[in-house]
Amino acid sequence: MRLYAYDLLEKSLSERRDLEKEVVNGRLSPQEAARRLLNAGKPRLDHVAIAVKNLDSAVEKFRRLGLRVSEPMIVEEQGVKIAMVWLGNTRIELLEPLNPGSTVARFLESRGEGIHHIALEVDDLDEFIKTAKGSGLVIIGGPSKGAEGVVVFIHPRA
């Protein structure tokens, strides 16, 4: 199995010399290049977000489980205070609304605490948006600032 995996990796490295050039030229980190190589441009699970009424209480519960939780941070553009719970190769994002008119506040009012969204990480957001729209998915608004970069939302019913 290992020999076969090494052979496949070597073949992928040979086919993606463009990534190596971007690393050498300083346009791409070695980590990002490796991630792109191994995932071949496919969307990856970044995190699952849970809307909560009280972030401090939710954080404490995850810490009692022995999990590493980031310090809270404010994301004004989305109207939320967040904390990330680290789980190996993915995370849970805890969301508390900053004001009663925010999207997350309205979500909590109508649905209660629970899963708010599932976040995918993609290499090329513009290309992903085109592909998503071409697949019949409905994009809500446009790209905006999220906790860790630029985000776009797909309507849940789509």
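All values reported here derive from a predicted model rather than from experimental measurement. Heavy atoms only: backbone and side chains are in, while hydrogens, waters and symmetry mates are out. Heads up: numbering here begins at 1 and tracks the sequence.
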Quiz prompt | Residue list, side-chain hydrogen bond (donor to acceptor under 3.5 Å, both in side chains) with Asp18, at least two apart or on another chain | solution = Arg16
Quiz prompt | CD on Glu71 to CD1 on Ile82, rounded to 0.5 Å | solution = 11.5 Å
Quiz item: Has the side chain of Ser102 got a donor or acceptor atom that lies under 3.5 Å from a matching backbone atom of Asn99?
Solution: yes
Quiz item: Quick one: hydrophobic cluster around Tyr4, which other residues, with the 4.5 Å side-chain cut-off, linked directly or via members?
Solution: Leu8
Quiz item: Among the clusters formed by ILVMFWY side chains lying less than 4.5 Å apart, do Val24 and Leu28 turn up in the same one?
Solution: no
Practice problem: Enumerate the residue pairs fulfilling side chain to side chain donor-acceptor pair (under 3.5 Å) with a member in residues 47-58, sequence neighbours excluded, ordered by first and then second residue. | Solution: His47-Glu93, His47-His117
Quiz item: Which atom names give the shortest non-hydrogen contact between Ala105 and Pro100, and what distance separates them?
Solution: CB-O, 3.4 Å
Exercise. For Glu109, enumerate each residue passing the side chain to side chain contact (heavy atoms under 4.5 Å, CB included) test, keeping only those at least two apart in sequence or located in another chain.
Key: none
Self-check item: Which residues share a side-chain hydrogen bond (donor to acceptor under 3.5 Å, both in side chains) with Arg17, sequence neighbours left out
Solution: Glu20
Quiz item: Do Leu87 and Leu67 have side-chain heavy atoms sitting under 4.5 Å apart?
Solution: yes
Quiz item: Got a second to check how far Leu137's CG is from Ile154's CD1, nearest 0.5 Å?
Solution: 5.0 Å
Practice problem: List in chain and number order the residues that pass side chain to side chain contact (heavy atoms under 4.5 Å, CB included) with Val69, two or more places apart in sequence or in another chain; answer none if no residue qualifies. | Solution: Val59, Phe62, Arg63, Ala83, Val85
Quiz item: Which pair of non-hydrogen atoms, one from Val75 and one from Lys145, has the smallest distance, and what is that distance?
Solution: CG1-O, 4.2 Å
Quiz item: Taking only residues two or more places apart in sequence or in another chain, which ones pass ring-ring contact (aromatic ring centres under 6.0 Å, His included) with Phe107?
Solution: His116
Quiz item: Got a second to check how far Tyr6's OH is from Leu13's CG, nearest 0.5 Å?
Solution: 13.0 Å
Exercise. Nearest 0.5 Å please: distance from the CG atom of Leu9 over to the CG atom of Leu38.
Key: 6.5 Å
Quiz item: For Ile140, which fellow cluster members are found when Ile, Leu, Val, Met, Phe, Trp and Tyr are connected by side-chain heavy-atom distances below 4.5 angstrom, either directly or through intermediates?
Solution: Val151, Phe153
Exercise. Check whether any side-chain heavy atom of Leu125 lies under 4.5 Å from a side-chain heavy atom of Val152, and answer yes or no.
Key: yes
Quiz item: What pairs with Glu32 under side-chain hydrogen bond (donor to acceptor under 3.5 Å, both in side chains), at least two apart in sequence or on another chain?
Solution: Arg35, Arg36
Quiz item: Taking all non-hydrogen atoms of both residues, which atom of Ser12 and which atom of Leu37 are closest, and how far apart?
Solution: O-CD1, 3.5 Å
Self-check item: ILVMFWY network linking Ile50 to Leu65, side-chain heavy atoms under 4.5 angstrom
Solution: yes
Self-check item: Ile74 and Val80, any side-chain heavy atoms less than 4.5 Å apart
Solution: no
Practice problem: Could you pull out all residues at least two apart from Ser70 that satisfy side-chain hydrogen bond (donor to acceptor under 3.5 Å, both in side chains)? | Solution: none
Quiz item: How long is the span from the CG atom in Leu95 to the OG1 atom in Thr103, to the nearest 0.5 Å?
Solution: 10.5 Å
Quiz item: Mind checking whether Ile115 and Leu108 sit in one hydrophobic cluster, side chains of I, L, V, M, F, W, Y counted as touching below 4.5 Å?
Solution: no
Quiz item: Which pairs, with at least one residue in residues 82-91 and sequence neighbours excluded, count as a salt bridge (Lys or Arg N to Asp or Glu O under 4.0 Å)?
Solution: Asp46-Arg91, Arg91-Glu148
Practice problem: Flag yes if Leu120 and Ile139 sit in one hydrophobic cluster, no otherwise; membership is Ile, Leu, Val, Met, Phe, Trp, Tyr, and two members link when side-chain heavy atoms are under 4.5 Å apart. | Solution: yes
Practice problem: Verify whether one side chain among Gln78 and Ser144 offers a donor that lies under 3.5 Å from an acceptor in the other. | Solution: yes
Practice problem: Please confirm whether the backbone N or O of Arg27 pairs with a side-chain atom of Asn25, one donor and one acceptor, at under 3.5 Å? | Solution: no
Quiz item: Does the side chain of Lys11 come within less than 4.5 Å of Asp7's, by heavy atoms?
Solution: no
Exercise. Name all residues meeting the side chain to side chain contact (heavy atoms under 4.5 Å, CB included) criterion together with Gln31; count only those two or more places apart in sequence or in a different chain, and write none if there are none.
Key: Ser29
Quiz prompt | Side chain proximity check, Ile92 to Leu94, heavy atoms < 4.5 angstrom | solution = yes
